[in-house]
Every structure is written in structure tokens, then in C-alpha cells.
J.: 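Before I ask anything, let me first share the structure, which is written out below as C-alpha cells.
So that the names make sense, note that chain A is the first sequence line, chain B the second, and so on, each numbered from 1. Side-chain atoms are counted along with the backbone in the values below, which use heavy atoms only and exclude waters and symmetry mates.
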Amino acid sequence: LAHTCPGFPEHVGRDRALELLKPVLEDKAVAKVGQNLKFQSIVFNNRGIELAGLRFDTMIASYVINPGLKQHDLNFLAQHYLNLRKTTFEEVAGKGKGRKCFSDVDLEQASKYSCEDADVALRLMEVLGKQLREDENEELFYNVEMALIPVLLDMEITGIKIDKPFFSEMSETFSRELDQIEKEIYLEAGTEFNINSPQQLGTVLFDKLQLPILKRTSKTKAHSTDVKVLTKLAALPFKIPKLLLRYRTLSKLKATYLDSLVKLADPVTGRLHTSFNQTVAATGRLSSSNPNLQNIPIRGEEGREIRRGFVAEDGCRLLSADYSQVELRIFAHYSGDDAFIEAFREQEDIHTRTAAEIMSIGREEVTPDRRRIAKAINFGIIYGMGPHKLSEELGIDHETAKNYISAYYERYRGVARYRDEVIGAAREKGYVTTLFNRRRYLPDINHKNRIIRSEAERMAINTPIQGTAADLIKMAMIRIHGRLKKEGFRSRMLLQVHDELVFEVPEDEIDTAPKLIRSEMEGGFQLKVPLKVDMKIGRNWDEAH
DNA sequence: ACGATCACGC
DNA sequence: CAGTTACGTGATCGTG
């Protein structure tokens, strides 16, 4: 098909071949089995074919069976599950500069390679399918992960519009300020050097200017120059740390967001098309790349400004719907703790309530600073944080931090119970699971080294929470996508950012689409606490958030 | 090509 | 086996 290697015989041309295959590829009654079906769907989509009947994706099956594996490629799966060494793409196409386009690969080799690919995928289905059944993961695999493929595909194909001139102008403004700061830094340093090189910067700060070394990097023990260090150094009578902080912020935003996003946007439509990866995060979360649209800035002033460049098409608005405190609610559910559950049922401010309870004060005595402490503890607990990190985080002494944590476990007995149970189960079984039976193996849970074991214990605590949140939003996405299509909406889901969904909504659906979205996000599954969704509409992502 | 550092998100 | 908060991606530098 469409082969061009020398001496290739007369054959059915690409367009004719696709025309002949189209009815089969688009027939949902004809089951499709393969590796990375979303990618295959995109390839066919480029030729006007809508691949249907996606039955079994071997890459995703492997991920559901063991999401902690770093590889789910076909060569690895063949070796791991079939004990079979498959021909690699490199072996037929070459590598580096000499790499051939597949259509130029020798016909004999190319056909053998292609057939092997299909054969291996089919044989893997048997093995992986059996394992999914054994692990009671068929529901999760078929009804969640497989069902999510067409949803993600539509989101990727649709893309989100950006305001390119807006980003370009912002980039220019940043450039001018960066030039200015650069000059000042050189003046203060008394020398010119590469500010973007932590190594060269370290030499200037700590050797030449003799600033105190507050921290070393973990791997190489070099002098650290990260934000925390620079912030502390900014208290000293030197101008350079403040200048560097500003420089870092601006150059990060310019290089990672402004300049790269403009380059990646479609020149005709001005839309950005990310890839959602379904087999990367060990907890069950999605990830996003090329570009990553799950780490668009929101905190700093300039960062937030970048969100104004994510816009709705004419005649539409962006709608952001995010789960309020979803991980803490799941945590409350798991803990079964009465006080915790009541707080959410009564729609109280959870951090205020936590502050009141662990500090034994009335709710009216909870100052913003006390609330901040409670908030850090609430999040720290679900990440398995210890007193050391908490005291550092909050700038309080070690003893106080320790007391807060013990007061927390004292007050919320269910939390302590959850912690003990989940770690105990992990030790016994070697894995933890989410509410929907997504499994993650923790081979180091019984490790003799305390540090390594603690790391596994933190994963044991966090994974059921983060993973259940991932399961819930995936199920909501599937239902919303299905209903929008079935009920003839023109509103489209564009992005998922772990606990948030972003939609593009035509003006005449502003009254109807949000109701559907809220109902599917909040009502999909009954926990011991209600799920709450916050929604906002705007002309751009900043206004909508 | 790859590891290290840094910085952005949840 | 690594140095005490889970999970990611990407730009850039420096080295091989």
C-alpha cells in the first residue's frame, strides 16, 4: 500500500486501497484489535476514515494490568508476555540520519514486519485478556479505558484556539524586560555569563560573590540555585537574587509557553492539538504532551495572563468545570471518618473546620494564617508528608508541626485507620487499588531500607485517592461525551486537567450544556460525601476559571 | 542521546 | 538500591 521502494511491482494505489478498506474500518461490528488504537485512529482520520469497533488495545490492557511499568510498546509486550523477540522498527527502517520512511523499506521486509505486528497484537489479546479477567479489571478496561479512546480522540482532533498575536506581543514585552534584567545582572555580577546555566550561575553567586551556600543538589551535590534558595538569598544586601527570580519567571513563561505554543498552533485554524496519553501515569491519571496543556500557568500575575490567550471560537464561550476538593472528598470517603464526612455534607469550609479541630479553637477564631496551616496539613496528609517537610513548608518549628499532625490523627481517627489499613493491605498483597479496582504494584513496600519503604508507603496512601479521582473524571468524560453527541449538542469537550474539564460552548447552549455537564460530573457515583463541581463561563480560560 | 536542574500544573 | 509530600512535561545546559 502506497509503497515506493525500488522495483516495487504494480499495485493498488493508496487512495483506491483506502476506499476499499473504508467500509470495513468504519464498521463497528468488525472488532479491531491492535496496539495504540488512538494513534491508528488519528492516522485514518487524516485520510477521512473514522475507525470504529475499537475492541482491544494491547497498550492500554498492559497499562491497566500494571500501570507502573515504564514501557508498554509492542516489542516490550511481546518479550514480556509472549517471550518472543519481535523485529524492531529500527531493524527495518534504520536509525539516525539514515532512517528510511516506512514506504521506502524493502517490500519483503516491510510486509513481514507489518504482519508480525498484527499477529503479535492478536496473540497478546489472549494473554492480556486472561490477566484482566483474573484481576477483575474487565470493567475498568472495557467500560472506562477503552470507552475513553474515542473521547480523547475527539478532544485531540478538536483542539483549543489560541490568540497568536496576543502571545506574540506578550513575548515581545517579556523580551524587552529580559534584556534589561540581563544587563543589570551582568553589572551586579561584574561579568557576563550564561544566566540560564545553573552551573555558571552557581560559580558567580557562590564563588565570585561569596553568597552563602544554603543547599546542594541531590544528585551531583552542586550548589543549588532554585527558587527557594534565591528567595532566601534575596533577604541579603545583594540585588542579584531578586533580579534572577524575575529573570527565571519571565524566561520560563516565554520559552515554555508563549513562544512554543505559537509555534505549535495550526497556522490556519489557530488551534492547539495536544496528545492525551493514557498509559503514562502510575496512578491512572492522564498526561498531556506536545504541547502539555495540563501545566498552563495560573498562579503568578504574568502566568495568569497567559490563560487569557486560550480563547473560544467566535460565537462561543469557554466553560470550565472543576471538581471542588475532589481528593479530600475521596479521602473522607475512604477514611469513613464521621467528622470529616460531616464537614463535606454540611458544605463547610474544610480547611477552616480542620483548623478549628486540630487547634481546639472555635471556628470564628480561625484566622487566615491558621487556615493556611490546616490546608497544608490536609494536603500533606494525603501525600503522606512527615513533620519535617511540614515544618519547612509552613516555616514553623519541628515540634509544632509534629503536634499538629498528631492532633490531626487524634481528631480524625478514621484517617489513622485508613493509613494503617492501606499500608497493611499493600504489605500483604504487594499492591493497592482504587475504588474501581485499578491496581498499582508497590514492590518496595516491604523493603528493608526505611527511606525506600517510606516512599512506597506514601504511594500506598496517595494512589487510591489520586487514582480514584482519575477514575471518576474519566467516567464522567465518557458519559458527557456520549450525551453531547446523542442529544445533538454542538458543545465540545476540549481539555482535561485532572480535576477540571474545559468545554467550548456555542452561545445558544449556554443555558443547557452546563446542566448536563454538572449532572454527569456530580452524579456518576455515590460516595459517602457529595461531589461538588464549580463552573464558570468566559471568553477565555482565565475568565472561565 | 541522555542525565541533571529548574519550573510549570494538579 | 537513597536521604524524607503524590503525579506529570518541557526548556536548557553540559557531557559523551
J.: Which parts of residues 189-204 of chain A get close to DNA chain C, meaning a heavy atom less than 4.0 angstrom away?
T.: A/Asn194, A/Asn196, A/Ser197, A/Gln199, A/Gln200

J.: For the side chain of A/Ile452, counting heavy atoms from C-beta on, which of C/dC1, B/dC6, C/dC7 is nearest?
T.: C/dC1

J.: State which of C/dG3, C/dT9, C/dC7 makes the closest approach to the side chain of A/Ile451.
T.: C/dG3

J.: Kindly point out which of C/dT4, C/dG8, B/dC10 is positioned nearest to the side chain of A/Arg450?
T.: C/dT4

J.: What's the closest nucleotide to the A/Asp499 side chain, out of B/dC6, B/dC10, C/dT9?
T.: B/dC10

J.: Identify, residue by residue, the members of residues 70-77 of chain A with a heavy atom below 4.0 Å from DNA chain C, and return them in order of residue number, or none.
T.: none

J.: Pull out every residue in residues 439-447 of chain A that has a heavy atom closer than 4.0 Å to any atom of DNA chain C, ordered by number, or say none.
T.: A/Arg440, A/His447

J.: Would you mind telling me which of B/dC10, C/dC1, B/dC8 lies closest to the side-chain atoms of A/Ile298?
T.: B/dC10

J.: Can you tell me how the ring of A/Tyr418 sits relative to the ring of A/Tyr334, calling it parallel under 30°, perpendicular over 60° and tilted otherwise?
T.: tilted

J.: Taking only heavy atoms on the protein side, list every residue of residues 250-261 of chain A lying under 4.0 Å from any atom of DNA chain B, sorted numerically.
T.: A/Lys252, A/Tyr257

J.: C/dG10, B/dG9, B/dA7: which one has an atom nearest the side-chain heavy atoms of A/Ser289?
T.: C/dG10

J.: So, under a plain 3.5 Å distance rule, would you say the side chain of A/Arg285 forms a donor-acceptor pair with the base of B/dC10?
T.: yes

J.: Toward the 5' end of DNA chain C, which comes first, A/Asn295 or A/Lys448, by nearest nucleotide?
T.: A/Lys448

J.: Check every strand shown and say whether A/Asp226 touches a base, only sugar-phosphate, or nothing at a heavy-atom separation below 4.0 Å.
T.: sugar-phosphate

J.: Going by the side chain to side chain contact (heavy atoms under 4.5 Å, CB included) test, name the single residue among A/Ile350, A/Ile373, A/Ile358 that passes it with A/Asn378.
T.: A/Ile350

J.: Remember a base hit wins even if backbone is also touched, and classify A/Gly386 as base, sugar-phosphate or nothing at under 4.0 Å, heavy atoms.
T.: sugar-phosphate

J.: Give the nucleotide from the list C/dG8, C/dA6, C/dG10 with an atom nearest to the side chain of A/Arg458.
T.: C/dA6

J.: What's the closest nucleotide to the A/Arg307 side chain, out of B/dA4, C/dA6, B/dG9?
T.: B/dG9

J.: Taking both distances under 3.5 Å as the test for a Watson-Crick or G-U pair, what stems of at least three pairs does DNA chain C have?
T.: B:1-9 with C:7-15

J.: Hey, what's the ring geometry for A/Phe340 with A/Tyr412, parallel, tilted or perpendicular (30° and 60° as the breaks)?
T.: tilted

J.: Considering only the P atoms, how many Å lie between B/dA7 and C/dA2, rounded to the nearest integer?
T.: 24 Å

J.: Applying a 4.0 Å non-hydrogen cut-off, can you work out what A/Asn290 is touching in the nucleic acid: base, sugar-phosphate, or nothing?
T.: sugar-phosphate

J.: Please give the distance between the P atoms of C/dG3 and B/dA4 as a whole number of Å.
T.: 11 Å

J.: With sequence neighbours excluded, give me every salt bridge (Lys or Arg N to Asp or Glu O under 4.0 Å) pair touching residues 270-282 of chain A.
T.: A/Arg271-A/Glu313, A/Arg271-A/Glu504

